[in-house]
2 protein chains.
Amino acid sequence: MVAHPSSGPRTVGAGNGQIVISIHTEPQPTDLGDVRVTNRAVVLRHVRLHAPCSRADIAARTGLNKATVSSLVTELIDRRLLRETGLTENRVGRPATMLVLDGEPYAALGAQIAADELVLAAVDLGGNRLLTWRRAFATPACSPADTVAALAALTRRATARLTAQGRAVLGLTVAVPGLVDATGSVPVATELGWRDVTLAADLRAALREPDLAVAVDTDANLAVLAEHRHGGYAGTTDLVHLTGGASVGAGVVAGGRLLRGSRGFAGGIGHVGLVESGPACGCGRRGCLTALAGLPAVVGRLLPDADADGPVTDYLPELDRIQALARQGDPAVHAALTEIGRDLGHAVAVLANLLNPEAVVVGGHLAVLSPWLLPAARSELAARTHAPGAGGCRLDASTLGPTAAALGGATAALAGIESGRLPAH
Amino acid sequence: MVAHPSSGPRTVGAGNGQIVISIHTEPQPTDLGDVRVTNRAVVLRHVRLHAPCSRADIAARTGLNKATVSSLVTELIDRRLLRETGLTENRVGRPATMLVLDGEPYAALGAQIAADELVLAAVDLGGNRLLTWRRAFATPACSPADTVAALAALTRRATARLTAQGRAVLGLTVAVPGLVDATGSVPVATELGWRDVTLAADLRAALREPDLAVAVDTDANLAVLAEHRHGGYAGTTDLVHLTGGASVGAGVVAGGRLLRGSRGFAGGIGHVGLVESGPACGCGRRGCLTALAGLPAVVGRLLPDADADGPVTDYLPELDRIQALARQGDPAVHAALTEIGRDLGHAVAVLANLLNPEAVVVGGHLAVLSPWLLPAARSELAARTHAPGAGGCRLDASTLGPTAAALGGATAALAGIESGRLPAH
């Protein structure tokens, strides 16, 4: 770490007292228009985190001068992004009106395309959920075009409902379990049986809504965004979310930003070989995390008779059985989950060593089985991490449930507003 | 990846045409002072990359208005950060004077504390090397205090020389092979035999130069900074550098910024177990990358008789022997290096899957032996990476030589100026 210089030019604090000298961020030319956009983002963020608050509070805490704050607040109230609550502070002198985010006239949508369901979630400006729909859907059995049509139909229904409530829908961001490239296309999503699906373009064509911003991202990235905004470690600058499910993937927030990599393919941890002579995986390798701890692998290891009546296509009932057996204290189940927990801990140690996150949060079936997986995982993590105290890396279950990625997608769809850009009038 | 919204509010381009919507960067309140600092950084960066260039060029390419550019350039010339070359462009109308960085009145220092040497390097504002000193030093055999004293003495001699040339030394950043925390202390550096060394504080005390900014970072981080600024993949936003030597570590640039992790302990790849029943490592584990491909491990595998005359303390002559044998085509050496190359490729695949870098660059002995290591490593990387085409990840040897981390340290010491903060008058 770069230590503080003992003296020298005035350095700019970054709020928490840490000096932030970044020689690698490409400095952007700043004109007064950009200043206003940035300051608008600062005001919105402050209100999001500290509402209710007064104009004077915002000025005092952000360092912006009062005239600027006043002008921005007026504009944001006019655009229905902020509103006055009518509450006033108790203070000597003139009472100050308190401000909160105005949730009412806007909504953002997030969706998940999973192997067994489509999820649609909507949030208001404050991130509060307005609706969460889960529609069972056998995606691998349908064509991508049929899946897009089904998702578009859900989206239209949700948009109609929100519009009837007087809200403008700002955007839709869709989560897929697979790789997503810079154009919003999906080169491969094994769980869905997809190859080279131009999802963003197809969805825009199906929706025919030019004012609705449509984006696509991986379920791992959107789940970590949801965790970073709404989860137990919200605001943590270095955070990893491991998706559960048929394939295990990592969403990584590093230095407060989503880590995408050079082509958007970062986060692959599911097919890194951990155990040389381990079980074979559909990817062709042996002993990778997916083959050790993915949902089908867990079911196969714990309920070897599960496919006696035919191949398992829906793993959730089997997961329920495993959870019930574990709660009853079944020793064979406990022993197997301990072993799987150790493999999980091994993988988390790779992440902890390389990324030094403050926390790794597991979702999906890993969260459901966390009481029996994580103790062994934490021991393995501690044993395999090089930095003292595992670099302080916590390992916990997500609290956001199975629709975390849809929530993250809706959060991502708010990005434009949150960065200070005003929505179309 | 988030795809471009189909319509909607005006988005700000980021120079390369990519829309950068970052909902996770904490927006900083911007006042006019910050605007000037940022714009100063923009101008300096533009000149660094495109010199010689005119004021009009800067305005046209950065989007800053001409009056702003003119005012900043005047200030930067006055502070000897830019200078006019006297060249003029051929153009219709008034000739335009060209600008370049002014290297002369400033220098920045970087240092490396290695197991067998101390390195000191100085650069000017443009990153050109002014001096590079390598002083053999048996660090593990000395106390940390003696090492600090020796480095301080070297620093004083270099500073005296640069001062005599009319240069002000802005700062010193020191590279160590180990963990470095936020205070510039070293909790552990196994290669040096160090535990809990308060290096930055001790060095400041030994130097007694309050105007010299002293910082400490890992050799892996500073080597990747050097690579990012001066190497074959300079400017790449997602880049990894693997240090060679007694321990193998990773320096990671992700999204254009150094990835440090929550406590500054990111980059640990050297002690991740790759081969279950592999050779034992000093860290207590088996089959980790350091035990498979670190310099002592390579020497031990290829020259099992190397310690016949007593324990090897200086590995460089052995490395020379291995290189000579490889050049002569020794089949046993080639076979062993191919095997080690595969282990290296396995580790690089972990990095490629998780981080999706554009390139992984290897340094130290890995660079020296790269002709015989990398072909096998690249095959293994391709076989073990999940994204198509290994996500495009290149694997190459560093071109910066064994003093890359010192060069990176000197580059880091320029951070204040490069971010637009003026040096003390």
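In what follows, chains are A, B, ... by sequence order, proteins preceding strands, each numbered from 1.
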Taking side chain as everything from C-beta outward and backbone as N, CA, C, O, which of these in [X] sits under 4.5 Å from a heavy atom of chain A? Side chain, backbone, both or neither.
X      : value
B/A201 : neither
B/H346 : side chain
B/L179 : side chain
B/A349 : neither
B/T68  : neither
B/L259 : side chain

Does [Y] offer a backbone N or O that forms a donor-acceptor pair with the side chain of [X] under 3.5 Å?
X      : Y      : result
A/R229 : A/T411 : no
B/S185 : B/D181 : no
B/S419 : B/A415 : yes
B/R79  : B/P423 : yes
A/R394 : A/A359 : no
B/D238 : B/E358 : no
A/N353 : A/R384 : yes

Proximal component of A/T385, with respect to chain B [non-hydrogen, under 4.5 Å]: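 Answer is backbone: N, CA, C or O of A/T385 sit under 4.5 Å from chain B.
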Most contacts with chain B, counted as non-hydrogen pairs under 4.5 angstrom, among A/G270, A/P388, A/A383, A/G391: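 If we count pairs closer than 4.5 Å to chain B, A/G391 comes out on top.
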Top of A/G267, A/A250, A/A352 for chain B proximity - count of heavy-atom pairs under 4.5 angstrom: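 Heavy-atom pair counts peak at A/G267.
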Residue selection (most heavy-atom pairs with chain A, distance under 4.5 Å) from B/C393, B/P187, B/A254, B/G392: B/G392
